[in-house]
There are 2 protein chains.
Amino acid sequence: MLSKTDAEGVRAHNRRVVLNHLRRTGISTRRAISEATGLSMSSASSIASALVRDSILVEMQDNERDFRRGRPERRLVLRAEAARVAVVKIAVGEIAVRLCSYDGQTLAHVRREMSIADLDADRLVDAILELLAEVRAMTGASPTEGGTIESITVAVQGKTDPGEGRIVWSPAMRLRDLLVGPPLAEATGALVAVCNDCSLMPESFRWRSEGRLQNYAFVFIGFGVGMGLRVAGRNFGGQGVSTIEFGHINHIPGGAACRCGNRGCVEAYAGDYALWRRARGLEANAILARRISDAEMRQLAAEARSSEGAAREAFEEAGLAIGYGLGRIFTLIDPLPIVFTGSGAQAIDLLEPAIRRGITESSIAGQGADVEFSIEDDVDALVFEAAANHALAGIDERFATATTPKAEAAE
Amino acid sequence: MLSKTDAEGVRAHNRRVVLNHLRRTGISTRRAISEATGLSMSSASSIASALVRDSILVEMQDNERDFRRGRPERRLVLRAEAARVAVVKIAVGEIAVRLCSYDGQTLAHVRREMSIADLDADRLVDAILELLAEVRAMTGASPTEGGTIESITVAVQGKTDPGEGRIVWSPAMRLRDLLVGPPLAEATGALVAVCNDCSLMPESFRWRSEGRLQNYAFVFIGFGVGMGLRVAGRNFGGQGVSTIEFGHINHIPGGAACRCGNRGCVEAYAGDYALWRRARGLEANAILARRISDAEMRQLAAEARSSEGAAREAFEEAGLAIGYGLGRIFTLIDPLPIVFTGSGAQAIDLLEPAIRRGITESSIAGQGADVEFSIEDDVDALVFEAAANHALAGIDERFATATTPKAEAAE
DNA sequence: AGACTTTTTCCGAGCCTCGTAAAAAATGGT
DNA sequence: ACCATTTTTTACGAGGCTCGGAAAAAGTCT
């Protein structure tokens, strides 16, 4: 059911537009805002000034400006101190926390290797709170006051329920259905989102692309196989749709055993443990308990590159599984460019031919077999940036809608 | 990139909201509009009166009203004559056209069996124009003037490009890439949409559900296997994403031959020709040229119900293919209730156990195996209603945005 | 016929955007 | 030093939209 709007809604929307523009450009001026957004000079100026008055933007003290003729422009930027957001990244055997200012700068970062496998929801929340306190202290804020965090995005391996703020299942924890969102929100007063790490990835491009790249997918190949999808300019998954589990799309009915308990998932061919299993001649229904190290994976790739044999076949089967998975998706959604990341992306040279062959064999008329592939090396950086963007977008939305009434503004 | 809005945008949006409400309720009043939309009495009344003035709504002459106390309400309805929309349905060996009034009533309907397999784009457009003229004549409009059609939605079996107005591929036509949208738009002056029939199906619920059913899927089982998906209250496919081809999602790599040229598609197990092929013991890579009649399918189902054997196995394999297809989708999108339609839906009793088993085996933790199934018997009625709703929504949008400036309205 | 009830219209206030005019703040030239 | 020029920003009035409350309209009930 559609709902009505009014003048207040117009203001809120146009504030959103202005904030969005500033996220993209970093530094702007009232005139530039007007030109970029299509708002009239008066409106752009009025909104910008209101945002400055609300301490969301600041006018830079221009020490170094270009000495052009005419009244110099007042350059505007997002005010770093306007809000603080945090990213919490939960993976097997570690929790990492990053604190960012409103303008997106990293203020502090802590990574702690710890055994979190047996934690229940309360303990996990306690551990996160401890790291949050630590990271806050690093910025000089006293433990009790100053520098409150207004938005937290938790990026976690595994399946989450973003609506409820719940970790449904994660390889990092033994227990299931851990409700972490609400308690975290209560303890900190922040608005909290609990998301799968891979499905966040497209957020890393949120303000980067110039609107060109409306559709693209991230594919993570590593311990598991994950995906983040952006279709028609909006993230696929989040509210309404929970995590997309690319790694657990069935590839071959009754096929190789997967960690998830099913048989024949993409991950059961393309996950690092699956590659190892296949290359070392282990049984296809053996589940490896231990993690394969990056060094071991590099070793495997080297073997496959140097000579024919099980290792090379393993990469070929993995590529085929990924290709079929992509082909199946391209049959639902139009083909889109793909960014590969994770340890498996280092072996893209071994995978690519099979991936493209898989797409050819599984999509109508082989369309999508020629989509653009690219590589993002640093998964961690990607997830942190993506999650930070997500958290910042939440604050932007709050700032856009919280319009200061004129009466109060007058004083 | 977000774009600005202004007062005009507010008006347009609120007109949209009012029209949407009238679509849902059929008959309403100014007061009821205010209550349902949240608009103030003044605004609701102002918008309603403007819509009446613009000849989009009419006040009913109340011959039979309930004799309550107080000033009687003026009941408002969509004005049937405000616009006319047409639906063109293209299937193997036939074209059907339906003309509807702005309030959604069917004015005329023509179905013509004809050999369209060898038509090129121009001939196809000519054939459509002829039928449109015929259907218009049936309503008493002269061939040249009166009763112009303002929106046409073409529902076609096969793959379309809704953005370009192109039929990419259809089982009804031998040629590919038929550009029909633009020439049809030029000849009629209408806004034209070219859509896959199955992907339109969710539009049939557009104004029906009370917002409850945000997510659901239609699965068509017949000559081919198709799907229409509604996720988070919006149709999946349309702009940005073209047709979703559920029938051609790969089920088994290297499996049975499909009409599309690939191997192992869902349709190659669940399409009527595939069922026939399997039940009659034909080779799995044989492609049947002829169509299987509904009577033959009923016969096949009867065989499967009465005794074990190839027919029963065929339905079981078909169900499994559909179930795996659904399970694969449920791994991307949360499980959602499913409406089955098409001749295959008549045999849902034979398919259902295998479908649910397929979902169990292919989705994580078997989730979605318990989604609600329902049946829609009359596929044709479904597609016509859906396409008409689609066309009407286009008119609504035009009426919402084409605000009459106050100055002109004054006269 | 007058009281009562319910729906609809009318009118002024408050926002918001827009276009234009005025103000502000610099540089350049004489 | 001073004034013209240039460019950015603010100020102001007009117009559109929604809102709330008052007034009008159009019936029924007694």
Side-chain angles (χ1 to χ4, degrees), chain A residues 3-18 28-35 37-53 57 59-76 400-401 403-410, chain B residues 3-18 28-35 37-53 57 59-76 400-401 403-410:
Chain A
S3 66
K4 59 144 195 174
T5 188
D6 55 16
E8 199 175 314
V10 170
R11 230 309 137 89
H13 180 78
N14 287 337
R15 281 168 71 112
R16 241 190 301 270
V17 170
V18 169
S28 194
T29 68
R30 288 168 169 81
R31 153 165 237 91
I33 290 171
S34 163
E35 277 166 12
T37 60
L39 287 161
S40 70
M41 268 309 294
S42 345
S43 302
S45 179
S46 151
I47 291 172
S49 299
L51 288 171
V52 169
R53 203 189 53 226
L57 302 183
E59 301 187 335
M60 293 175 76
Q61 341 282 44
D62 273 341
N63 299 333
E64 31 128 343
R65 357 171 298 274
D66 41 346
F67 294 90
R68 294 204 319 271
R69 229 170 166 182
R71 176 172 172 173
E73 54 197 19
R74 304 299 318 229
R75 305 206 292 173
L76 298 164
T401 38
T403 312
T404 324
K406 220 180 195 176
E408 295 178 37
Chain B
S3 67
K4 59 143 195 176
T5 188
D6 55 16
E8 200 175 314
V10 171
R11 231 308 136 90
H13 180 79
N14 287 338
R15 281 168 72 113
R16 241 190 302 270
V17 170
V18 169
S28 195
T29 68
R30 288 168 170 81
R31 154 163 237 92
I33 290 171
S34 162
E35 277 167 11
T37 60
L39 287 162
S40 70
M41 267 309 296
S42 347
S43 302
S45 179
S46 152
I47 291 172
S49 299
L51 288 170
V52 169
R53 204 190 51 227
L57 302 184
E59 302 188 334
M60 295 174 76
Q61 340 282 44
D62 274 343
N63 299 333
E64 33 130 340
R65 356 171 297 274
D66 42 345
F67 294 90
R68 293 204 322 270
R69 227 166 169 188
R71 176 171 174 175
E73 54 198 17
R74 304 298 319 230
R75 305 206 293 173
L76 298 164
T401 37
T403 310
T404 324
K406 222 179 195 174
E408 295 178 37

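So you know, we letter chains A, B, ... as the sequences are listed, proteins then strands, and number each from 1.
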Q: Let me know, please, whether A/Ser42 or A/Gly70 comes out on the 5' side of the other along DNA chain D by nearest nucleotide.
A: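 It is A/Gly70, whose closest nucleotide lies nearer the 5' terminus.
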Q. A/Glu59 or B/Arg71: which one's nearest nucleotide on DNA chain D is closer to the 5' end?
A.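 Its nearest nucleotide lies further toward 5', so the answer is A/Glu59.
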I want to verify a distance call: between [options], whose nearest atom is closest to the [X] side chain?
X       : options                : value
B/Arg30 : C/dT17, D/dT10, C/dT8  : C/dT8
A/Ile47 : C/dC16, C/dT17, D/dA24 : C/dT17
A/Ser40 : C/dC18, C/dC11, C/dT8  : C/dC18

So, is [X] close to the [N] phosphate, meaning a side-chain N or O under 4.0 Å from OP1 or OP2?
X       : N      : result
B/Lys4  : C/dC16 : no
A/Ser49 : D/dT10 : yes
A/Ser43 : C/dC18 : yes
A/Arg11 : C/dT17 : yes
A/Asn14 : C/dT17 : yes
B/Ser45 : C/dT9  : yes
B/Arg69 : D/dA26 : no
B/Arg68 : C/dT7  : yes
B/Arg31 : C/dT7  : yes

For [X] and [N], what is the distance between atoms [atom1] and [atom2] respectively, to the nearest whole Å?
X       : N      : atom1 : atom2 : value
A/His13 : D/dC17 : NE2   : C1'   : 17 Å
A/Arg74 : C/dA23 : CZ    : C1'   : 15 Å
B/Met41 : D/dA22 : CE    : C1'   : 14 Å
B/Asp6  : D/dA14 : CG    : C1'   : 15 Å
B/Arg53 : C/dT9  : CZ    : P     : 12 Å
A/Glu35 : D/dT9  : CD    : C1'   : 14 Å
B/Glu73 : C/dT6  : CD    : C1'   : 9 Å
B/Glu8  : D/dT18 : CD    : C1'   : 16 Å

Q) Just by distance, with hydrogens left out, do B/Ser46 and B/Arg11 show a side-chain donor and acceptor under 3.5 Å apart? A)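 B/Arg11 and B/Ser46 do have a side-chain donor-acceptor pair below 3.5 Å.
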May I ask you to decide if [Y]'s main-chain N or O and [X]'s side chain share a donor-acceptor pair within less than 3.5 Å?
X       : Y       : answer
A/Asn14 : B/Thr5  : yes
A/Thr37 : A/Ile33 : yes
B/Ser49 : B/Ser45 : yes

Q) Which heavy atom of A/Ser3 sits nearest a heavy atom of B/His13, and at what distance? A)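 Closest pair (atom of A/Ser3, atom of B/His13, distance): O-NE2, 2.7 Å.
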Q: Report which part of the nucleic acid B/Ile33 touches: base, sugar-phosphate, or nothing (heavy-atom distance under 4.0 Å, all strands).
A: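 Nothing, no heavy atom under 4.0 Å.
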Q. With the threshold set at 4.0 Å, does a side-chain nitrogen-carboxylate oxygen contact exist between B/Arg30 and B/Glu35?
A.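 Result for this pair is no, no salt bridge flagged.
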**Q.** Comparing A/Ser46 and B/Ser46 on DNA chain C - which has the more 5′ nearest nucleotide
**A.**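 Going by which nucleotide is closer to the 5' end, it is B/Ser46.
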